[in-house]
There are 2 protein chains.
Amino acid sequence: MPTKPPPPRRAGRPRKTGDAAGGAALSRESILQAALALIDRQGPQAFNIRELAQALKVFPSAIYWYVPSRNELISGAVALAMNGVADDLVTGRWQARLAALLRRYREVLRRHPRLAPLVASELIYNATFDATMLDHLVQLLEDAGFAGADLVDAYNVVFAAMCGFATMELSTAPAEDAQAWESACRAQIARVDAARQPALARHLDAMQNRAFVLRWSSGDGQPLDSGFEAWVDVIVRGVESRARALRTAAKASRPASS
Amino acid sequence: MPTKPPPPRRAGRPRKTGDAAGGAALSRESILQAALALIDRQGPQAFNIRELAQALKVFPSAIYWYVPSRNELISGAVALAMNGVADDLVTGRWQARLAALLRRYREVLRRHPRLAPLVASELIYNATFDATMLDHLVQLLEDAGFAGADLVDAYNVVFAAMCGFATMELSTAPAEDAQAWESACRAQIARVDAARQPALARHLDAMQNRAFVLRWSSGDGQPLDSGFEAWVDVIVRGVESRARALRTAAKASRPASS
DNA sequence: ACCTGAACACCGTTCAAGT
DNA sequence: ACCTGAACACCGTTCAAGT
């Protein structure tokens, strides 16, 4: 969410550093940093302004001079965390660039796993992406041969692919009652009936705690690495195949051409 | 989240219907139904127990006799909404079944668009899926030729694919300030610099309000239909291509075989 | 068993007041 | 300009008490 012009702060102006407690001067930056640290520890649900104020050694109301609401604290923290998604993205074949983009996004998100459920949320996600990354994405789709409306579709596909797997992988049980969560999952597994769900039953051992809905360990502590690599593989192959199909369809519709 | 055994309710027991106001007797079912209706209208953020109680014409504390927390109200409502994702799924080639599964999931979610951001959230998603659907999914992956660890990976891929696009498509601006959201998006678009983001600039007109991050209209009111169909196409092609690649790799590793 | 009624603890936000 | 200090409104949850 684009920043409303913050209260003007003269650049080099010396600030009174009243407290000996090492509390750096308050600023939008420092506040969002602290907010991010809190959210990283406790998750967005438990995040609250009063605790944030305490960490910053100010009264809660002081925060409102820099950030107008709790929601914007959260989206600002997410934007901070996602800085650098577009840094030093590789060059090379578009397939390699696409794979790198997906991996990079997951890496960044893995540094702040508790933000994962927020990325899909309405609060956030415009804050999360900068024009540089979007340009990189569009460029690689051009290189793949997409154009016009097909390119827009492909953009949406790749964008959803970028966020999709990692978001689900890292969205995990509420920290409070991990034990209850685990037994709930085991109950779900135990309820599988070999007569009524034969295919599922055949693979239950292999899937247990390794597959969505059937796992209780967090994707943070126990990443689904091979699943993610399969994801990258499927997306790249799929986009490649679709690009080829669209090209031949276009060629067929204008039979005599260079 | 599996239901803890609810307070035992004798089946046919007549209940005192004290109020003439047409308020049906309280039950876990009726409460979750009312909760779902409220969430559908206002979104999960604004959903609160006091209003739910008012809608049910009881005191807030009455609700706690059936459902132990706000979180479980929400996850229960989601489970209710997602009933029937696995109903009458088609037969046929696995590719067609895969496509149908993805489309079906989106259809169901589109009936309750405000639930979209919750699906990726830790609160929920075990509540959302039943063994029948998982079995259907595993079966089609077997038919596609996956086995062992590859099948588990493919399961995670398809699962993420099922949720990924629709979740992002329907997660939209907070209803409160749609106007502010739109102008924020336009500002994001205006900030695109043809010199620094040339590829993006080339397609900006086509992408405006049609592409993730650059759209302000909700995926509810303005669906990304062609984008979603491209998604289905990419996923099916990708899975198909990967299955083939794995098969030939397996064949190569055991050179003499049937 | 099922619900009332009141109370508690907590939290986001506002606002007048200070410096 | 920037922060204090207190207050307001709201909300999830608990609990004793009713029937």
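Values below: every heavy atom of this structure, side chains too, minus hydrogens, waters and symmetry copies. Chain letters run A, B, ... following the sequence lines, proteins first, then strands; residues in each count from 1.
- In this structure a side-chain-to-backbone donor-acceptor pair under 3.5 Å is present from Asn156(A) to Arg210(B).
- At least one side-chain heavy atom of Arg106(A) sits under 4.5 Å from a side-chain heavy atom of Asp225(A).
- Consecutive Watson-Crick or G-U pairs involving DNA chain C, each under 3.5 Å on both distances, make up stems of three or more pairs at C:4-8 with D:12-16, C:12-16 with D:4-8.
- Counting non-hydrogen atoms of other residues, nucleotides and ligands closer than 6.0 Å to CG of Asp87(B) gives a total above 12.
- In this structure, CG of Leu52(A) is placed 13 Å from C1' of dC11(C), rounded to the nearest angstrom.
- Of all the residues in residues 33-42 of chain B, not one reaches under 4.0 Å from DNA chain D with any non-hydrogen atom.
- When atom types are taken as modelled, the side chain of Arg114(B) and the backbone of Arg41(B) share a donor-acceptor pair closer than 3.5 angstrom.
- Proximity of Tyr66(B) to the phosphate of dC3(C): a side-chain N or O atom is located under 4.0 Å from OP1 or OP2.
- Counting non-hydrogen atoms of other residues, nucleotides and ligands closer than 6.0 Å to CD of Gln42(A) gives a total above 12.
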field: Under 4.0 Å protein heavy-atom contacts per nucleotide of nucleotides 12-19 of chain D, with B for base, S for backbone only and - for none
entry: BBBB----
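- Side-chain contact between Met168(A) and Met162(B) is absent, with no heavy atoms from C-beta onward closer than 4.5 Å.
- With a 4.5 Å cut-off on side-chain heavy atoms, Leu134(B) and Val192(A) do not count as touching.
- The side-chain heavy atoms of Met207(B) and Val138(A), taken from C-beta on, include a pair separated by under 4.5 Å.
- Rounded to whole Å, atom P of dT4(D) lies 12 Å from atom NZ of Lys57(A).
- Ring-centre distance between Phe212(A) and Phe165(A): below the 6.0 Å cut-off.
- Within the 4.5 Å cutoff, side-chain heavy atoms of Glu107(B) are placed close to those of Arg104(B).
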